[in-house]
Amino acid sequence: AASGLGGALLVPMLSFLKGLFASRPKLRVTQKNDPARYDKERTLAASKNVRDRIKLATNPNTHLEILYYLAGDTDDNVRIYYEEAGSGFPVIFAHEFGDNYETWEPQLCHFARRYRCVTYAARGYPPSDVPDDIAKYSLARVAADIGGLMDHLGVEQAHLVGLSMGSFSVLNFALANPARVRSLVIGSCGAGVTTDPEQQKARLAAVEARARAYEELGSEVMADRMAN
């Protein structure tokens, strides 16, 4: 089944990637809120640096709107924040563990010239909800969030782009829902498994130690450690 999925996705993925090298004008980006579909307090907090982000793509000759708001509740009552730009066939970007939805800003500015681009904050990453219940976090759950977001957007099929943690999300969503995926672009996606019991034990211990460090030191200190 995996090889069949890979073959089915290869041609459209190559076609999609060709857009990366297309000659396109730069964009002037402005923000636009949809008052019927966004949470004002969370949106303002999430986009406090939106003016600086807009300056990255300034050009008086062209124009792109960024819409941002919260999706409706997932089936386990977790709200997912997302931003979208452009129109056309949808492309959904999933971020890595050590970053957030803003990391895809350059890609939105580029591909929104041809596609409807969507980037979202994974559950546990503000301004999306951060559930206290650990049962609300799992690989199956974050993969299902992609389907929930697509349903909210009225999207039957999309290109999916993921990096690191996000690549696991889009890959597992594609394996479970191949008909809803036009192509996959996955980066820094290791297998993450080993059959050696000692390696499994060491890996679990390392993960537990990092989790304790986040709880004891806080995310700001850990973010600095991981970045340096």
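Keep in mind that this is a model prediction, so the values were computed, not measured. Sequential numbering from 1 along the given sequence is applied to the chain's residues.
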Within 6.0 angstrom of L204 CG, more than 12 heavy atoms from elsewhere: yes
Whether H159 and Y115 hold their rings parallel, tilted or perpendicular, with breakpoints at 30° and 60°: perpendicular
Aromatic plane relationship, W104 with F93 - under 30° parallel, 30 to 60° tilted, over 60° perpendicular: tilted
Point-to-point distance, once rounded to the nearest 0.5 Å, from OH of Y120 to OH of Y125: 11.0 Å
Could you go through residues 207-220 and list every donor-acceptor pair under 3.5 Å that involves a side-chain atom there, pairing it with any protein atom two or more places apart or in another chain?
none

Set of salt bridge (Lys or Arg N to Asp or Glu O under 4.0 Å) partners for R123, sequence neighbours left out: D76, D145
Side chain E96, main chain G166, donor-acceptor under 3.5 Å: no
Spatial distance of atom SG (C117) from atom CZ (F111) [nearest 0.5 Å]: 7.5 Å
Qualifying residues under side-chain contact (heavy atoms from CB on, under 4.5 Å), relative to T103, sequence neighbours excluded: H95, D99
Those residues that, when tested against D151, pass salt bridge (Lys or Arg N to Asp or Glu O under 4.0 Å) (two or more places apart): R180
Heavy-atom side-chain contact between V155 and R116 under 4.5 Å: yes
Closest contact, heavy atoms only, G124 versus P131: N-CD, 4.3 Å
Over all atoms of both residues, closest heavy-atom pair of P127 and A121: CD-CB, 4.5 Å
Side-chain donor or acceptor of T119 paired with backbone N/O of Y101 under 3.5 Å: yes
Closest approach of L163 to S188 (non-hydrogen atoms, all atoms of both residues): CD1-CB, 4.1 Å
Which residues share a side-chain contact (heavy atoms from CB on, under 4.5 Å) with D133, sequence neighbours left out: A135, K136
Nearest-0.5 Å distance that lies between atom CG in D196 and atom NZ in K201: 12.0 Å
Partners passing ring-ring contact (aromatic ring centres under 6.0 Å, His included) against Y137 (at least two apart in sequence or in another chain): none
Please report, to 0.1 Å, the donor-acceptor pairs under 3.5 Å made by any side chain of residues 168-177, with sequence neighbours excluded.
from: S169; atom 1: OG; to: M165; atom 2: O; distance (Å): 3.4
from: N172; atom 1: ND2; to: F168; atom 2: O; distance (Å): 2.8
from: N177; atom 1: ND2; to: F173; atom 2: O; distance (Å): 3.1

Gap separating the OH atom of Y81 from the CG atom of N100, nearest 0.5 angstrom: 10.0 Å
Heavy-atom closest pair, residues C189 and S167: CB-OG, 3.0 Å
Criterion side chain to side chain contact (heavy atoms under 4.5 Å, CB included) on E84 and L153, from CA distance to verdict: CA-CA 10 Å; E84 69 170 283; L153 295 169; 3.9 Å; yes
Results of side-chain contact (heavy atoms from CB on, under 4.5 Å) for A144 - residues two or more places apart only: R141
Check: D129 side chain, R79 main-chain N or O, donor-acceptor pair, under 3.5 Å: yes
Salt bridge (Lys or Arg N to Asp or Glu O under 4.0 Å): pairs with one or both residues in residues 158-175, sequence neighbours excluded: none
Contacts of type side-chain contact (heavy atoms from CB on, under 4.5 Å), residue D132, not counting sequence neighbours: none
